[in-house]
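What follows is a short report on a single structure.
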Amino acid sequence: MSRPLVVVESPTKIKTVKKYLGKQYNVAATVGHIKDLPAKEIGINIEEGFKPKYLNIPGKQKVIKSLRQAAGDTSEIYLAPDPDREGEAIAWHTAEILKKKGRTFHRVLFHELTKNAIHEAIKSPEKLNQNKYEAQQARRILDRLVGYQISPLLWRKVKGGLSAGRVQSVAVRIICDRERAIQAFESEEYWSITAHLEGNSPPPFTAKLVKKNGKKIKIPDEKASNVIIEELSEEKFIVEKIQKKTVKRNPSPPFITSKLQQEAIRKLRFSAKKTMMVAQQLYEGIELSPGEPEGLITYMRTDSTRISNEAAMEALKLVREKFGDEYALNKPRFFKNKKKAQDAHEAIRPTSVFNTPEKIKPFLSKDQFALYELIWKRFVASQMKQALVNNISISISAGSYLFSASGSSVAFPGFMVLYMTTDDQIESERQKTKDDFPELSEGGILKLNELEPKQHFTMPPPRFSEASLVKELEENGIGRPSTYAAILSTIREKGYVDLVKGYFKPNELGFIVNDLLVESFPDVFDVEFTANMENHLDRIEAAEVDYSEILTQFYDAFKKELEAASTGMLSVKGIGFSTDLTCPQCNNRLHIRMGKNGQFLGCSNYPECTYTRNYTRDEKGVIHPIEPASDQTSDRICEKCGKPMLIKEGKYGTFYACSGYPDCKTTQSTNSTNGGEKTGVHCPEQGCDGELVQRSSKRGKIFYGCSRFPDCTFATWDKPVAKECPECGAKFLLEKTTKKKGTFLVCNTKGCGFKITSE
């Protein structure tokens, strides 16, 4: 009889699990999902209760074969993929692959990859969780129903290659709505007045004007400000009220996934995707000594702030040893979750607080150390005493006007000696800029040194950064923590938004697709509707509702919108969006339309009127046609017919074109925008006599393309080198550079595979 088999999700866990379980268990990995819906069809039988059609993923044959070999004739298989919905689906699919008469499957959940946690999980296995699996299936089916039925609409109505997603499209909508709020914003002028005051003893301090006759004051312009200053110059400044109180400030709970992503973005400048990648490494295990991998944090995809009593007691012990009894709580501090469904996992915490960041730093990469330190400090700080902050608030009357001054000082730092959130740090820095106050008493008269007026303007709402978008998605219940990183990556990869100086900005394609989807599918891409759907998925997992019921309710409404959109959705390829602009040639309305080179302005009277223009939008969203630059003559002569070459504007910038067109169609790239540095390598395209030259993309990335562009579109990101391939005789090689292998040369010919180290 074969040894019992433990099946994990990631191959990097195998070594860690083997170390703790010993030779009496065999360990294998699924390397992610092994089954999925088919790629080229919807794969959902709607008529049979939304039955999914799962297939073995192409390319996973070797993995499946190795799993079956590892299982052998064992009767006990422990399914240990990640302890979330995706992991549950992998466990179910693995059981289907390895199903055999007399074989028993156990579900084990490794919330942390430590010796105790792994042994406890094996000793107390669970049954496969059908409710959790069905919640994952419901999400997968919902996303497939939306994506595979709306995306083809976009291909027909806008352009090929676009996609819609049940959650990603709502994220794009949030970004578009914010951008339109910014465009519609009208800045207003307002003024503030600051009084520079002195008491009977130093130091001097400042106070802000806040009220007149008991009502909040608004100073619209300089004229109003001058009137107030003139009135105040005649008044006495009297201390009306002094309030002092000590405020207790509590530490934040240990990290949940969304909060970890937000803090890592703000403090470490990590993207959400990078944060999750590094956290996965810390969870799966780091070798703290040769051949001894150890999981350093608990599972990193969680909504829960729950921590075990053992972990809390360990943290309290460390606090007493490291900071002293005055910083330690008498008993552990625990945090409540908002929902029962969130209690499946613990919060993200170190598996042992005695693995201090300083102790294990030599074994971690720079990124691993930075993230581990953040997680470690946040958790330990959560078990430290409150900070005590002394606040003082002073009200100062001047006739009918009221000024306010406030300040604070830390009486006892508590948890803040170890860790402060980004918001805590901002507040701390703000407090540092406030004045210290002299000894004052109520009724005391103050000396006025100066009244300082200052002009301000209201600011539009800010664009979303990665951190603030994650926060917005979380607060609106859009998606789940495990999906945030994928959402942020997808909306950029699909070309709907750009990240400009760290902030998301929708581009023209994003606006076009968003407007079409919101108009045709007002429910599916509604923020509240999407959030409610996430709650329904939680209810499925909690066994409160059947998943087919939720799918039926959704699809009944969705099908009607889909049928209406198939004929009613506006075609940007055809009629396009109407604008306020009129055609200068025939006075008909100009429309935004989509062509093979992207969006453009076209006359609604097409084909009778063929007027077209590229366009741009200003900061208010107003459309401005771009008048094409006149063809410029150049000093270059066409090598085929001897006529002068003209400089023309194309999709990828400027290029040379023969003035003898259409009789002569010779074109060449220019040095001005497309690079032009010669490589000495002839273009490999058959029948082309061009040369490969260095060029740059719209984003400034260097690539190498044919000098005969746009007639020849051959291009490569890798630098061509004029060396013949000794294997296949190709006339050039490509220079590649990777972190792992350095710089080396490879053959560009498909199937050749020749590679040498670069000289």
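Keep in mind that this is a model prediction, so the values were computed, not measured. We number each residue from 1, following the sequence as shown.
The backbone N or O of Ser548 sits less than 3.5 Å from a side-chain atom of Asp546, completing a donor-acceptor pair. A donor-acceptor pair is defined here as one N or O able to donate and one able to accept, closer than 3.5 Å; such a pair exists between the side chain of Tyr148 and the backbone of Ala39. Checking side-chain atoms of Lys60 against main-chain N and O of Thr30 turns up a donor-acceptor pair under 3.5 Å. Judged by distance alone, with hydrogens and angles left aside, the side-chain atoms of Asp82 form no donor-acceptor pair with the main-chain N or O of Asp84 at under 3.5 Å. Side chain of Thr351 to backbone of Gly295: a donor-acceptor contact under 3.5 angstrom is found. No donor-acceptor pair under 3.5 Å is formed between the side chain of Thr305 and the backbone N or O of Pro253.
A salt bridge does not link Asp73 with Arg103: every distance from a Lys NZ or Arg NE/NH1/NH2 to an Asp or Glu carboxylate oxygen is 4.0 Å or more. With respect to the salt-bridge test (charged N to carboxylate O, under 4.0 angstrom), the residues Arg539 and Glu544 qualify. Here Glu9 does not pair with Lys13 in a salt bridge; the nearest charged N to carboxylate O distance is not below 4.0 Å. Using a 4.0 Å cut-off between charged nitrogen and carboxylate oxygen, Lys317 and Glu314 do not count as a salt-bridge pair. Residues Glu76 and Arg3 are not paired through a salt bridge, judged by the lack of any N-O separation under 4.0 Å between the basic side chain and the carboxylate. Between Glu112 and Arg349, at least one side-chain nitrogen of the basic residue sits less than 4.0 Å from a carboxylate oxygen of the acidic one, meeting the salt-bridge criterion. Salt-bridge annotation for Arg139 and Glu534: present, with a side-chain N of the basic residue lying under 4.0 Å from a carboxylate O of the acidic one.
A side-chain contact (heavy atoms from CB on, under 4.5 Å) with Leu371 is found for one member of Leu364, Leu260, Leu296 and no other, namely Leu260.
A donor-acceptor pair shorter than 3.5 Å cannot be found between the side chains of Glu346 and His111. In the model, Glu88 has no side-chain atom that pairs as donor or acceptor with a side-chain atom of Gln136 under 3.5 Å.
Around atom NZ of Lys19, more than 12 heavy atoms belonging to other residues, nucleotides or ligands sit under 6.0 Å away. Within a 6.0 Å radius of CE in Met313, other residues, nucleotides and ligands contribute 12 heavy atoms or fewer.
A cation-pi arrangement is not found for Lys736 relative to Phe744, the charged atom failing to lie both closer than 6.0 Å to the ring centre and inside a 45° cone about the ring normal. Because its NZ or CZ atom is not both nearer than 6.0 Å to the ring centre of Phe255 and within 45° of the ring axis, Lys259 does not count as a cation-pi partner of that residue. At least one test fails for Lys35 against the ring of Tyr54: distance under 6.0 Å to the centre or angle within 45° of the axis.
The structure places CG of Leu79 at 7.0 Å from CD1 of Ile77, a figure rounded to the nearest 0.5 Å. Of the inter-residue distances, the one linking Ser2 atom OG with Gln69 atom CD reads 11.5 Å to the nearest 0.5 angstrom.
In this structure, the side-chain contact (heavy atoms from CB on, under 4.5 Å) partners of Glu48, at least two apart in sequence or on a different chain, are Asn45, Lys51. Every side-chain contact (heavy atoms from CB on, under 4.5 Å) that Arg68 has, sequence neighbours left out, goes to Ile64, Ile97, Leu98.
The aromatic rings of Trp92 and Tyr133 lie parallel to each other, their planes meeting at an angle below 30°, with 60° marking the opposite boundary.
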